[in-house]
Amino acid sequence: AAIEKAMAARALDAALSPTEKARADLAKLQQRLQKSQDSLARSRANGDEAKIIEALESTVVRLNEIISVAQQQLNAAEHT
C-alpha cells in the first residue's frame, strides 16, 4: 500500500505545473516549520536537554531560510 501511495504521489507531482509544485512544496515546508516550532516550544516547556533545544532551534532557523528561498522562487515563477 505504501508503494502504491508513493507512486500516486509522484504521478500527481508530475502533473503539476512548476508554479503549482512550488506552492505545494512551500506549503509542505510551512507545515514542517510549524511542527518544529511546536516541538521546540514543548521541549522548552518540558525543560529538555540543551542539546535537544539547540537542535530544534537550528532546525527552525534552517527551515525559515529554506522557506524564504522557496517564497522568492515562487514569486519569480508567478511573475514570469
Revision key, fill the gap. In this structure, CD1 of I66 is separated from CG of D25 (nearest 0.5 Å) by 11.5 Å

Check your understanding: Rounded to the nearest 0.5 Å, what separation is found between the CG atom of L33 and the NZ atom of K35?
Key -> 12.0 Å

Below 3.5 Å, can you tabulate the donor-acceptor pairs from side chains in residues 55-64 to any protein atom, sequence neighbours excluded?
{"unit_1": "E57", "atom_1": "OE2", "unit_2": "R44", "atom_2": "NH2", "d": "2.5"}
{"unit_1": "T59", "atom_1": "OG1", "unit_2": "A55", "atom_2": "O", "d": "3.0"}
{"unit_1": "N64", "atom_1": "ND2", "unit_2": "V60", "atom_2": "O", "d": "3.2"}

Check your understanding: So do the side chains of Q73 and V69 get within less than 4.5 Å of each other, counting heavy atoms only?
Key -> yes

Point to revise | Atom pair CG (L29) and OG (S36), whose distance is rounded to the nearest 0.5 Å | key: 10.5 Å

Check your understanding: Which heavy atom in I52 sits nearest to a heavy atom in S43, and how many Å separate them?
Key -> CG2-OG, 4.0 Å

Check your understanding: CD of E78: more than 12 outside heavy atoms within 6.0 angstrom?
Key -> yes

Practice item. Establish, from distance only, whether the side-chain atoms of D38 and Q34 form a donor-acceptor pair under 3.5 Å. Key: yes

Revision key, fill the gap. For L74 and L26, the nearest pair of non-hydrogen atoms, with its separation, is CD2-CD2, 3.8 Å

